[in-house]
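These notes are about the structure you will find just below.
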Amino acid sequence: MIILHKDTQILVQGITGREGTFHTRLMMESGANVVAGVTPGREGSSVESVPVYNTINAALSKHPHIKMSVVFVPPAQCFDAILEAIDAGLQWVTVITEGIPVKDTLWLVNYARYKGSHIIGPNCPGLISPGKTKAGIMPASAFFPGDVGLISRSGTLTYEVGSGLKENGFGVSTAVGIGGDPIVGTSLLEATMMFEADSETNTIVVLGEIGGDMEEELASAIKEGAIMKPVVAFMAGMTAPPDKKMGHAGAILQFGASSAKDKLELLVAAGAHPARTPWEIPDVLKEITQNTISLGK
Amino acid sequence: MIILHKDTQILVQGITGREGTFHTRLMMESGANVVAGVTPGREGSSVESVPVYNTINAALSKHPHIKMSVVFVPPAQCFDAILEAIDAGLQWVTVITEGIPVKDTLWLVNYARYKGSHIIGPNCPGLISPGKTKAGIMPASAFFPGDVGLISRSGTLTYEVGSGLKENGFGVSTAVGIGGDPIVGTSLLEATMMFEADSETNTIVVLGEIGGDMEEELASAIKEGAIMKPVVAFMAGMTAPPDKKMGHAGAILQFGASSAKDKLELLVAAGAHPARTPWEIPDVLKEITQNTISLGK
Amino acid sequence: MRLYEYESKEILKEYGLSISRGIVISRDHPEEIEQQDLNPPLVLKAQVPVGGRGKAGGIIKVKNVEEAKRQLLSLFDKNINGYAVQKILLEEEILADRELYLSLSINRQEKSYSLVAGALGGIDIEEIAKSKPDTILKLSISPLRLINNFDVLAISNHLSVPMVRIDPIVRQLFSIAVELDAELVELNPFVIVGNTSVILDAKIIIDDSALFRHPLLNELPPRGKTKEEEEAARIGLSYVSLNGNIGIIGNGAGLTMATMDLLQSKGGHPADFLDVGAGAKSDIFRKSIHLLMKNDRVKVIFVNIFGGLTRGDEVAKGIIEALGSEPPKKPIVVRLAGTNAIEGGELLRKNGVSAYSSPLEAAVSAVSRVGGTP
Amino acid sequence: MRLYEYESKEILKEYGLSISRGIVISRDHPEEIEQQDLNPPLVLKAQVPVGGRGKAGGIIKVKNVEEAKRQLLSLFDKNINGYAVQKILLEEEILADRELYLSLSINRQEKSYSLVAGALGGIDIEEIAKSKPDTILKLSISPLRLINNFDVLAISNHLSVPMVRIDPIVRQLFSIAVELDAELVELNPFVIVGNTSVILDAKIIIDDSALFRHPLLNELPPRGKTKEEEEAARIGLSYVSLNGNIGIIGNGAGLTMATMDLLQSKGGHPADFLDVGAGAKSDIFRKSIHLLMKNDRVKVIFVNIFGGLTRGDEVAKGIIEALGSEPPKKPIVVRLAGTNAIEGGELLRKNGVSAYSSPLEAAVSAVSRVGGTP
């Protein structure tokens with residue numbers, strides 16, 4: 001598993017909101033160690049028996065070992081909330097919120113780097129290490145524990161693939177959604193490198209899509225030998241028209257950028273295993289596993 | 001020697017100015033590998049046979065291995081010049097200029113950290129590794145090569161001490177002036193740590209003064225065992241009155257801050273060797289050297 | 001949101017930059033041309049939110065006002081790269097020796113702003129970047145800082161334009177991008193005429209997610225290519241028109257795109273991308289079905305939902321509400337998985353709609369309904 | 001440069017913050033008090049650039065205007081911690097239950113801004129920080145960012161003052177610091193009266209190095225403690241008055257301070273700190289000698305120069321020029337080393353001034369000239 005340990009202390013920003021409250025409960029049901037919540041003006045109350053504070057520093061004074069914040073606050077308040085988490089020295093800030101202005105994210109991602117903090121997302125489902133912990137909104141029922149590292153730019157597609165893996169007897173070490181915005185804090189490559197270093201992960205599944213060039217960056221790293229574990233890649237948007245945002249703010253095929261087909265071909269040329277649809281992924285994994293076993297013999 | 005190697009490529013910003021031209025010649029006479037200069041609007045000319053460019057990026061396109069810029073531009077233009085050096089990816093920016101607004105330095109020092117660049121100074125004489133290279137304005141005649149690492153918050157005092165060492169048969173590996181402003185890019189501790197790691201340095205001489213708490217930080221590090229080499233410390237300003245700037249913008253004894261006496265006592269308590277005047281330093285070094293030799297026997 | 005040229009130029013003017021003199025004429029009021037007091041030669045420019053309008057006949061140069069009046073109506077009749085012409089900008093033509101390029105955009109790769117200067121403006125910057133890369137200077141500027149002298153100097157050197165002339169343009173470009181949350185501010189071309197610089201064409205794209213901060217921009221009408229796109233924007237759906245005949249409704253952008261790809265791989269042709277987003281309730285599904293029902297291009301509707309926040313029973317309720325008591329005008333193929341998929345499937349079956357759990361089977365079924373060959 | 005209270009308050013007012021009503025009365029025009037239209041009770045406050053004036057009798061509360069007139073002249077006669085009173089601020093006294101503290105300063109240790117809020121204002125913040133640390137909240141704010149809501153919220157919570165009341169103060173504090181290059185902006189105390197907050201006392205210190213950016217502040221007269229300090233500031237020297245009788249001229253702040261320390265260690269008492277800086281020419285030395293010659297407290301002048309950029313011959317020329325043809329009114333002891341020290345020493349000897357190369361010998365000589373016991 002990557003990013004979190006089973007007992008990592010988690011804080012929820014916007015915990016008293018509808019989504020914040022709902023998902024705090026689900027996170028805790030999935031094993032997450034949520035120790036504090038923050039909503040300005042609500043200090044002293046509690047949500048699902050988690051104490052609520054006005055500020056992160058107030059929470060930290062009582063729970064000094066918090067490592068991650070999960071952010072459920074509305075887009076207009078996110079700049080303030082994420083900056084607060086970074087400045088409070090939290091190592092990870094997982095931002096679920098969709099619709100944050102890209103200028104805000106752009107600034108925050110750079111500021112986080114300067115402060116030594118890491119943003120996951122925004123506009124992402126967070127991550128789950130099935131049976132251990134969860135930070136975000138992924139439905140626990142779609143995942144089974146195992147040795148596949150799953151990385152995705154898309155929420156629902158992650159659940160679909162997780163569920164397909166489960167039906168076919170595969171489980172995931174961690175599934176992480178890096179977010180669908182044009183600027184995200186953690187790139188496909190950065191997530192892949194974490195799985196590469198993770199002893200509980202044996203194969204890596206990457207769900208890419210049109211827009212940006214994180215997939216090209218990943219392909220270069222595979223080609224250069226930085227990633228030795230088998231990588232299975234699917235690219236959404238093979239049939240997407242140019243210059244149109246496909247749901248995600250970041251899913252847009254712009255002139256001069258690679259198409260989904262280009263991206264997949266680059267990854268395959270670098271040594272990744274292609275899946276033409278998300279529903280093929282278990283079959284590709286079976287093939288890899290069999291090859292690995294037969295090689296092992 | 002620290003920071004520079006003998007052949008490190010150096011760029012001079014403000015090279016066509018009076019100070020820039022004068023010191024470029026002296027730097028080269030002291031062995032410095034000055035390969036380019038920058039003065040906006042003067043591209044195509046040369047100073048001391050060093051080619052001049054309009055921008056750092058233009059210089060880098062011809063001399064891609066430049067590691068350090070030495071800045072001689074006037075205070076009002078320094079923000080722009082230093083930022084240009086940081087953004088061009090130079091590893092070191094040594095700022096000689098005195099009188100840069102502290103707001104500018106404060107911002108730049110933080111921005112440099114984010115970009116992975118290091119500022120030395122401002123308001124500093126730079127550094128010299130006698131017989132090898134020099135970046136800045138230290139008079140080469142005041143120093144002799146040797147194994148003493150010399151760190152100072154003051155220019156002239158460094159020459160005075162370097163000269164005193166020389167007269168008493170001591171030489172320096174590198175002498176570095178970290179600058180007399182309230183905010184400087186490289187702290188006493190950071191410079192000391194570099195000498196601690198330097199195989200050519202056996203003892204470290206620190207010339208501190210009133211103002212700020214870099215000496216306290218250094219004392220803590222010595223106490224914690226982070227610095228094993230012998231440290232000789234002198235603190236200027238024993239007789240300075242409170243709340244007055246003593247020449248350096250940063251040399252001010254403010255309420256609540258340690259006096260020169262406090263600083264020296266802290267360093268001595270941590271294990272440093274005190275010098276009551278700068279002219280005592282050679283004697284203190286002799287004592288340390290003798291002790292080391294007798295211990296060695 | 002991509003602003004029209006005339007909207008972009010209004011912003012540039014507010015920021016103190018010089019643009020060509022001109023007036024905007026609406027489709028419904030061609031007589032507005034009578035209010036002009038411009039000096040010929042003139043140029044008529046179709047206002048469409050898409051590139052390449054010059055090649056598509058959207059720009060017409062005229063010698064005098066009489067000619068402009070003649071060409072005005074014919075330009076209103078044109079379709080420029082799929083867009084009807086709602087407004088025309090009539091401007092004085094400015095001739096200059098050199099056309100230059102300048103833009104500020106968000107660089108996804110470097111997580112910074114990109115300031116791009118081109119010595120050859122007036123043409124597609126990506127093409128020039130490939131054919132004559134030396135004419136392009138690209139500066140990467142961290143969002144943690146502002147434009148500084150050395151940036152402007154680099155551009156001044158590259159374009160051979162004096163600092164005093166280029167400095168206000170570069171700084172205002174940056175101000176516009178930051179203050180208006182622009183993803184792109186592009187001046188292409190701008191020219192130097194004597195002591196001033198004049199911007200001949202401009203393109204500004206505002207970050208949709210930031211429109212809540214800019215009430216004036218937020219009130220501008222949606223600028224979709226098709227009627228469905230404009231209607232979907234009003235409902236708040238994430239919708240893109242495509243050329244095929246299978247209407248698609250999905251939840252999540254990635255899953256909806258993957259559904260398009262799946263249909264295509266089975267020989268089908270998607271008529272749209274429609275993502276209901278996360279946790280949609282029945283009314284969103286009802287409105288989505290209605291939208292596709294009204295679209296003549298759509299011959300079959302394919303709903304592909306993997307429930308996380310979205311519940312299968314809500315999907316089913318929405319579909320049933322949309323169909324009402326009438327038999328469906330078009331076949332609907334539904335695939336449900338995840339949260340409450342079983343409940344949803346039962347509800348649909350009770351109302352005569354079959355629901356698949358396998359997306360592949362569902363896709364094959366949808367393609368077969370329009371006569372495709374899976 | 002430390003601004004006077006009334007200057008600081010003018011700035012706060014320009015930034016939209018509320019201050020007590022009052023008028024400023026000059027020493028030379030005590031009749032200015034007639035122009036007041038204030039509501040008693042009133043308070044007279046001596047305008048001196050130093051702390052602790054309350055304890056030193058610099059603040060006098062009065063019940064009415066007649067009493068104010070009586071106290072005005074006696075306050076002008078006072079010396080407050082070494083400073084003559086040039087101006088008095090007469091203000092309406094504001095009574096409030098709670099006095100609060102707020103400041104923004106540059107934090108040398110953390111290389112950031114420090115925003116400090118104290119629930120007990122009106123007294124020395126360092127003392128409170130030691131005796132009642134819980135009443136102090138200190139926030140460290142990176143210069144790469146601006147004040148944000150969560151910062152203000154933390155202060156609002158700490159001071160138990162509603163966000164709406166504290167928000168403008170905190171943000172304007174930050175604006176003043178950044179826009180005016182302030183090293184410190186301190187409101188101590190400010191009070192909440194009904195729906196408004198009023199700042200009763202304020203201290204702003206402007207970064208001397210940044211005065212070139214602020215022409216209005218740069219034109220304010222120098223505010224030294226002594227006549228020599230004001231004269232030295234006009235010459236451009238780095239000068240501090242001390243209580244001893246040995247006048248010191250050095251080059252470089254560290255060396256000059258070390259010279260002070262050396263003299264003291266030999267039983268001497270420095271009369272000043274005077275740093276000519278790097279590369280000073282003869283005219284600077286001439287002016288420096290003149291300054292110390294005029295100072296009655298100085299009995300002997302000690303010049304300690306290690307030449308880098310500064311050349312020994314320039315030092316000698318300056319000294320000789322200052323002495324002129326007359327025999328020196330006070331003994332001068334010179335120590336020269338480094339660049340052109342030999343040339344300088346010869347030049348001095350030819351003109352009857354002896355020059356040492358050892359600073360210790362020179363110091364002993366200087367101390368012995370004033371009858372000190374080395």
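Quantities reported herein were computed from a predicted structural model and do not represent experimental measurements. Naming convention: chains lettered A, B, ... in sequence-line order (proteins, then strands); numbering from 1 in each chain.
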Tell me, for [X] versus chain A, whether the close heavy atoms (under 4.5 Å) come from the side chain, the backbone, both or neither.
X: C:Asn107; value: backbone
X: C:Leu144; value: both
X: C:Ser112; value: backbone
X: C:Ser238; value: side chain

(request) Answer yes or no: is there a donor N or O on one side and an acceptor on the other, between the side chain of A:Thr186 and the main chain of A:Ala191, under 3.5 Å? (result) no
(message) Strictly below 4.0 Å, N to O, side chains only: are A:Lys103 and C:Asp207 in salt-bridge contact?
(response) no
(request) Answer yes when C:Arg108 and A:Asp213 have at least one side-chain N-carboxylate O distance shorter than 4.0 Å, and no when they do not. (result) no
Portion of [X] that has a non-hydrogen atom of chain C nearer than 4.5 angstrom:
X: A:Leu207; answer: neither
X: A:Thr239; answer: both
X: A:Pro139; answer: side chain
X: A:Val184; answer: backbone

(request) Classify the angle between the aromatic ring planes of A:Phe143 and A:Tyr159 as parallel (below 30°), tilted (30 to 60°) or perpendicular (above 60°). (result) perpendicular
